[in-house]
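Whatever order the structure lists them in is the order used to number ligands and atoms, beginning at 1. FYI, side chains are in, hydrogens and waters are out, and symmetry mates aren't considered; it's all heavy atoms of this structure.
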Amino acid sequence: MTVSQPRPAARRPGRPTRLATGAAIGLPTAGVALGVAQIVAVASSRPRSAPVLAVGAAVIDATPRPLKDFAIRQFGTNDKLVLLCGVYLVLAVFAVGLGALTVRRRAAGFAGLAVFVGVGCAAVLSRPASTVVDVLPAVVGGAVAAGALLVQVRSSRTATTTDAARPRLLNRRQFLVTTGAATAVAAASGAGGVVLGRTNAAGSRSRASVRLPAPADPAPALPAGLSDFFTANRDFYRVDTALTVPQIDARTWRLTVRGAVDRPVTVTFDDLLRRPLRERDITLNCVSNEVGGPYVGTARWLGVPLAPLLREAGVRAGADQLVSRSTDGMTIGTPLEAVFDGRDAMLVVGMNGEPLPLEHGFPVRLLVPGLYGYVGACKWLTELEVTTFDAFDPYWVRRGWAERAPVKTASRIDTPRPLTTIAPGTVRIAGVAWAQRRGISAVEVSVDSGQWQPARLADGPSPDTWRQWVHDWDATPGLHTIRVRATDGRGDVQPEARAGTFPDGATGWHTISVTVSA
Ligand SMILES: Nc1nc2c(c(=O)[nH]1)N[C@H]1C(S)=C(S)[C@@H](COP(=O)(O)O)O[C@H]1N2
Ligand SMILES: [Mo]
């Protein structure tokens with residue numbers, strides 16, 4: 001028995017290291033596995049069964065809240081891109097290791113590949129609404145990759161062992177041909193998956209053919225003189241856990257109302273469009289929005305009032321929670337009282353004069369004014385279950401966020417921008433303030449902790465939208481701090497005390513610093 005490893009002979013120049021050979025074999029092999037899996041997933045119209053996306057989605061679900069908050073803060077809407085890059089990086093490291101292992105011991109390499117496929121299958125099966133057939137892409141990808149691995153490792157043997165019978169150059173060439181071929185298969189299947197994914201995009205095609213009827217109940221006229229009141233669809237913040245935007249064909253879409261109801265009902269998209277549509281201007285915001293943050297927007301929404309539909313189904317006594325489910329397995333819990341207290345809770349089909357954009361929930365989303373999105377605005381909606389808060393904890397509640405989350409009063413300074421240098425003289429300080437349901441009655445500004453000055457408030461169409469405000473300030477040279485606070489329609493002043501976003505929304509006065517030049 002050898003106790004110490006024999007020292008390896010000095011590497012001969014021109015001979016690849018095991019790691020280099022491992023990388024040359026492992027990376028194309030992993031690429032083949034992922035590319036083939038991707039194309040099978042897309043071709044079978046089950047994009048969610050693509051293993052990389054499933055792994056990413058599983059990581060999102062398992063990520064502890066502080067880390068998730070950090071990612072949202074640091075990367076904003078790019079958080080998913082960053083996550084996918086991370087997943088690919090880990091995969092690449094694993095692939096190089098796998099290649100190196102195979103060069104040394106073929107069986108170990110194949111065992112490693114099996115682990116790789118197993119992780120993919122486990123991730124796919126961990127997705128809500130997944131079934132056994134969803135592991136097919138991972139398994140097919142793994143099988144093709146095993147073939148690619150075998151071919152490559154055979155040619156690498158001849159390329160790296162001295163073989164007097166054959167000139168090394170030829171062996172080297174053979175190795176390059178096999179790894180090159182594997183790389184080409186990986187690239188072609190990966191690119192094919194992307195292209196097919198685009199053309200297969202059932203949602204985009206379906207959305208393009210939707211014609212929305214005019215509202216029976218149009219939005220109240222906007223007060224004169226408002227500009228930039230609405231947030232354009234392309235600028236509207238997006239917060240969700242979906243790594244790929246669900247592609248739903250409106251013609252096959254169904255919404256089921258079930259649970260504690262007398263008569264469960266299922267409606268189609270056309271059924272919804274045949275009902276009288278209501279149009280309303282409503283401000284929506286995310287509980288993860290920091291003080292002064294960007295996750296808030298106002299749009300003109302078109303939809304079907306929710307309360308009549310639920311009444312038709314017959315909500316049973318004792319129920320207090322309405323759980324929305326999306327096609328991608330999100331669950332969102334809304335207090336039933338918020339649906340029935342007269343506010344404009346809607347099944348939304350239109351946003352700013354267009355069918356709902358895919359990113360914002362096409363074909364149908366829920367919208368309940370006065371609640372943060374995670375408790376009232378389920379996108380890609382497909383089921384409404386009448387139940388109780390005791391009986392079911394939705395996705396974010398299971399992660400510690402509040403069961404009930406009415407929007408808190410907030411105000412934001414949009415201009416001047418923080419930490420900029422501006423000219424002295426009259427400076428227009430302006431922004432927005434919101435307290436959906438209660439409305440805004442006053443906004444005040446204080447410079448350098450001086451007296452609170454009333455800002456001028458633009459009119460708003462309803463208490464459910466933000467109000468724009470302006471305040472003219474005579475700016476003198478130097479460094480200045482500007483603060484804003486709002487008072488809601490009940491006379492309650494926005495609290496100064498800072499609170500983080502967890503568990504039910506941030507509080508505190510938005511404060512910025514600017515330099516006024518001499
Ligand atoms: N299906 C689904 N619906 C969802 C979410 C989600 O992750 N999945 N996120 C919710 C959250 S946290 C918010 S703030 C709003 C955001 O809606 P928007 O992306 O259209 O602005 O959608 C809500 N609806
Ligand atoms: Mo949110």
Point to revise | Set of residues that line ligand 1, where lining means a heavy atom lies under 4.0 Å from it | key: Phe236, Tyr237, Arg238, Val239, Asp240, Thr241, Leu284, Cys286, Ser326, Asp328, Met330, Ile332, His360, Arg365, Gly373, Tyr374, Ala377, Cys378, Lys379, Trp380
Practice item. For the pair Phe236 and His360, name the ring-plane relationship: parallel under 30°, tilted 30 to 60°, perpendicular over 60°. Key: perpendicular
Check your understanding: Taking only residues two or more places apart in sequence, or in another chain, which ones meet Arg316 in a side-chain hydrogen bond (donor to acceptor under 3.5 Å, both in side chains)?
Key -> Asp262
Exercise for review: Output every pair passing ring pair (Phe, Tyr, Trp, His ring centres under 6.0 Å) with a member in residues 247-271, not counting sequence neighbours, ordered by first then second residue.
Suggested key: none
Quiz: residues 219-228 side-chain donor-acceptor pairs under 3.5 angstrom, not counting sequence neighbours:
none

Check your understanding: With a 4.5 Å limit on heavy-atom distance, are the side chains of Asp464 and Arg280 in contact?
Key -> no
Study note, to complete from the structure: Nearest heavy-atom approach of Trp380 to Glu359 is CZ2-O, 3.7 Å
